[in-house]
Amino acid sequence: MLGRVGRFTVRRRRWVLAGTLAGVVAAGFFGGGVFGRLSGGGFTDPGSESSRARQRLDEIFGSGDANLVLLVTAKAGSVDAPSVVSEGLALTEELGDEATVEQAFSYWTLGSPPPLRSSAGSQALVLARIGGDDDQVDTAVEELAPRYTRDDELITVGVGGQAEVVRQVSHQVESDLQRAEIITFPIVMLLLIVVFGSVVAAGLPLAVAGISVVGTLLILYLLTLITDVSIFSMNLTTAMGIGLGIDYALFVVSRFREEMRAGHGTEDAVVRTVETAGRTVLFSALTVAISLSALLVFPMYFLRSFAYAGIAVVALAGFGAIVFLPSLLAVLGPRVDSLTLFRRKPKEVGEGMWHRIATFVMRRPWPVAVSVVAVLLLLGTPFLGVSTGLPDDRVLPQTAPARQVQQEIRQGFSSEEASALSVVAVDAGPADSARDAAVDEYASDLSSLEGVARVDASTGSYLDGRLVAPPSPASDRFEGETGTWLAVVPSVEPISAAAERLVDEVRSTPAPFETQVSGPSAELVDSKDSLLSKLPLAAAIIGLVTLVLLFLMTGSVVVPLKAIVLNLLSLTATFGAMVWIFQEGHLSDLLGFTATGTLDTTTPILMFCIAFGLSMDYEVFLLSRIKEEYDRTGDNVASVAMGLERTGRIVTAAAALLAIVFIAFATSEITFIKLFGVGMALAVIMDATLIRAALVPAFMRLAGRANWWAPKPLRRLHERIGLREAPEPVVVPDGPKKTPVPEGAA
């Protein structure tokens, strides 16, 4: 099949190049508007109890969790001073009259409950609910935040709340992405020139990377027309587009130059490159895409968006390397080495550094394997203490206005007003004395729970098991035609183990009617449950399909199992570092972030799928050359040494370039994007060094000829359906030369 693709790229090279150029221009034109359509949320399960409760609040009561907070600070005296009270009431009324605001209430309109006033008495809160979906909320707060950030004679007003935090995070992501691209491209270009020694050859991987990134913008834009797509997927689009585009192009261009040095003509060299290196790229792209596709089983569109972006990037990088790049090489021919700055004489076979490393390891396989595995497991031990939560304002830099507002609220107020749990009772019946009595008893019980600061209901406000304030006009928001709801204000950090226990206690407290609970803490509990329930399926998809693909490539059942085990080992150091650095706070001053004692619930899963795919990417590169040499010689030791020698320099260069891309993203001001960059760079480095240089040759040596074993039925199956190229002559229109193509992969 790939032989036909190679011949097509030679015969129709100008058409392929013209079509690709037209496609990239169109993708850039139409896909450039994707940034305005991306969303900043997607961390919760839309089918969970908390999400259903939130939807009912909006549809039935026209109410819900407060997502906008105004922090009002009196410049002199107390927020109870008559002049400040007047300002506070006017501010609350003005905010409530906004078309996009469903409700607004404050310390002054609720009868001055103490939790809405700071401990010092100089600050008070105005809480509001902006209705609509994530995009509508973001559009509304974009307009409201500047207008309500005030500083007049009596008071100052700062804007916070989830809506404003999400908006500022989205803006920061766009800014960080631009900075990362500015940092990445010049450094990558310089390193590519060092690798190839030629300016023209160095530019080819960037061309493939450009196709991947720009094409993915269009695909994501089209997806935003039918579903939500997270803005954070743009980081993966750029990082993976550059990284995989460079990886695949490096492999293809290096193989083409190798074939040219062997004396083959341009057309023959292109076809042989597609049949060998192209086959490896195809397998690699499939394994990476499948690892990322496992993210589709999770209901959070934050994770699903990374699957959309990742699969699109991988597919386009594969197209660029197997179709576009060979067409360009067919046009360039020997001119691929134009603008050569220096020439590097290839090492004689068996004399390269990587050959010597492989030989050294295979002479001492047991000591090397045991010591490296022990180091990786030791580095991974911090992950045993992992604690997960949902991101909050502390993912923003300390200079962000929304974070400063939230920090003042955290330090100055006794309760988390904007993080109240909403307990929804839809079928509680019409409002009457019987329902009021039931609500009164239930609210009293809830207010007695440890970790509850106050309960607000249609019957008033409750503290420590008793009614402390009668109903007020603001209590009307709790009433519906056939139901009611209650606000349980926590006194504990909303994203914490204590808050999770509180959610469980609220849900288990006997109620006079069926209830559903929403709010940030409930979303955290439901998100964890949802992720854990889908995790086995995602892991099974990755493991099973990877085993099948590697079996089809190698004909062995041992090599695929070994590859999966080694990939898991390579991730131990990454996961340990995630906890040690970002959860426990080591290196926080150096890296510039605030540790909260938790990791985002989705981050470990996201990192696993992406890092596993990239680790398998390098595994495929190495195994393909080892298999080619083993098929040719039948010598297991020699084939491992030769495979590592043939791929060592290329994979090392690819890993270094990809690590630089991820490190550039580690400069982000958003904590979990910084974590993503640091973690992925570490995963790539570990895989390209300890795994590829030490554990792969050690385990291949220990297994010996058993590496290539498979039961007879599976061997017969591989002979029938195994993905390999049959040796056939190369026929191109520009000359009669026919060269047999060897079986195997590059």
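Reckoned from all heavy atoms, side chains included, excluding hydrogens, waters and symmetry mates. Each residue takes its place number in the sequence, starting with 1. Just so it is clear, the structure is predicted and the values come from calculations on it, not from any experiment.
- Here CZ of Arg394 is found 5.5 Å from OG1 of Thr596. Values are rounded to the nearest 0.5 Å.
- Glu493 has no carboxylate O lying under 4.0 Å from a charged side-chain N of Arg501, or vice versa, which leaves the two without a salt bridge.
- Of all non-hydrogen atoms in Ile605 and Leu531, the two that sit nearest each other are CD1-CD2, 3.7 Å.
- A 4.5 Å side-chain heavy-atom check between Arg403 and Gln168 finds every atom pair outside the cut-off.
- Taking a 6.0 Å sphere around NZ of Lys674, one finds it holds more than 12 heavy atoms contributed by other residues, nucleotides or ligands.
- Taking the side chain as every heavy atom from C-beta outward, Phe608 and Thr574 never approach each other to under 4.5 Å.
- Screening Arg410, Gln404, Gln407 against Asp393 for a side chain to side chain donor-acceptor pair (under 3.5 Å) leaves a single residue, Arg410.
- Neither side chain, Asp45 nor Ser48, offers a donor N or O lying under 3.5 Å from an acceptor on the other.
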Verdict with supporting geometry, Asn567 and Leu571, side-chain contact (heavy atoms from CB on, under 4.5 Å): CA-CA 7 Å; Asn567 277 2; Leu571 295 178; 5.8 Å; no
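- Shown here for Ala128 and Val101, the closest heavy-atom pair between the two residues is CB-CG1, 4.1 Å.
- The closest side-chain heavy-atom distance from Phe43 to Met300 is not below 4.5 Å.
- The two residues Gly389 and Ile495 have their closest heavy-atom pair at CA-CG2, 3.7 Å.
- Looking only at distances, no side-chain donor or acceptor of Ser39 sits under 3.5 Å from a matching main-chain atom of Gly41.
- In this structure, CG in Leu206 is found 11.5 Å from CD1 in Ile211, a value given to the nearest 0.5 Å.
- Taking the six-membered ring for Trp and thresholds of 30 and 60 degrees, Phe676 and Phe306 have ring planes inclined between 30 and 60 degrees apart.
- Looking at Thr227, its side chain never comes within 3.5 Å of a backbone N or O of Leu223 through a donor-acceptor pair.
- Panel note: side chain Ser521, backbone Val503; no donor-acceptor pair is recorded below 3.5 Å.
- Within the 4.5 Å cutoff, the side chain of Leu125 has no heavy atoms near those of the Ser106 side chain.
- Nearest heavy-atom pair across Ala664 and Ile183 is CB-CG2, 4.1 Å.
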Take Asp247 and Tyr618 through the test side-chain contact (heavy atoms from CB on, under 4.5 Å) and record every step on the way to the result. CA-CA 9 Å; Asp247 274 8; Tyr618 294 136; 3.4 Å; yes
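- Here the side chains of Leu236 and Ile610 are in contact, with some heavy-atom distance below 4.5 Å.
- Inter-residue side-chain proximity for Phe196 and Leu250 is flagged as met; some heavy-atom pair is nearer than 4.5 Å.
- A side-chain donor-acceptor contact under 3.5 Å links Ser305 to the backbone of Tyr301.
- The closest donor-acceptor contact from the side chain of Ser588 to the backbone of Gly585 lies under 3.5 Å.
- Of the possible polar contacts, none joining the Ser175 side chain to the His171 backbone as a donor-acceptor pair under 3.5 Å is found.
- When all heavy atoms are compared, the tightest approach of Ser570 to Ile691 is CB-CG1, 3.4 Å.
- Cation-pi check for Arg37 over Tyr221 is met; the charged atom lies under 6.0 angstrom from the ring centroid and within 45 degrees of its normal.
- For CD of Gln162, the number of neighbouring non-hydrogen atoms (other residues, nucleotides, ligands) closer than 6.0 Å is 12 at most.
- Residues Tyr148 and Leu91 form a side-chain contact, since some pair of their non-hydrogen atoms from C-beta on lies under 4.5 Å apart.
- Using a 4.5 Å cut-off on side-chain heavy atoms (C-beta onward), Val159 and Val405 make no contact.
- Thr73 and Gln123 share a donor-acceptor pair across their side chains, judged by distance under 3.5 Å alone.
- A salt bridge does not link Arg150 to Asp152: none of the charged side-chain nitrogens sits closer than 4.0 Å to a carboxylate oxygen.
- Closest heavy-atom contact between Gly132 and Val137: O-CG2, 3.7 Å.
- Classification of Glu174 and Arg179 as a salt-bridged pair fails, no side-chain N sitting under 4.0 Å from a carboxylate O.
- Checking side-chain atoms of Thr572 against main-chain N and O of Leu376 turns up a donor-acceptor pair under 3.5 Å.
- One finds a salt bridge joining Asp151 and Lys75 here, because a Lys/Arg side-chain nitrogen approaches an Asp/Glu carboxylate oxygen to under 4.0 Å.
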Would Asp526 and Thr44 count as a side-chain contact (heavy atoms from CB on, under 4.5 Å) if you check the C-alpha gap in whole Å, the side-chain angles of each, and the deciding distance to 0.1 Å? CA-CA 8 Å; Asp526 292 343; Thr44 57; over 6 Å; no
Quick one: do Phe232 and Phe302 satisfy ring pair (Phe, Tyr, Trp, His ring centres under 6.0 Å)? Show the steps, please. CA-CA 8 Å; Phe232 302 108; Phe302 171 80; 5.7 Å; yes
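- Salt bridge Glu619/Arg692: absent, no basic N to carboxylate O contact under 4.0 Å.
- From Leu524, atom CG reaches atom CG of Leu390 across 4.5 Å, with rounding to the nearest 0.5 Å.
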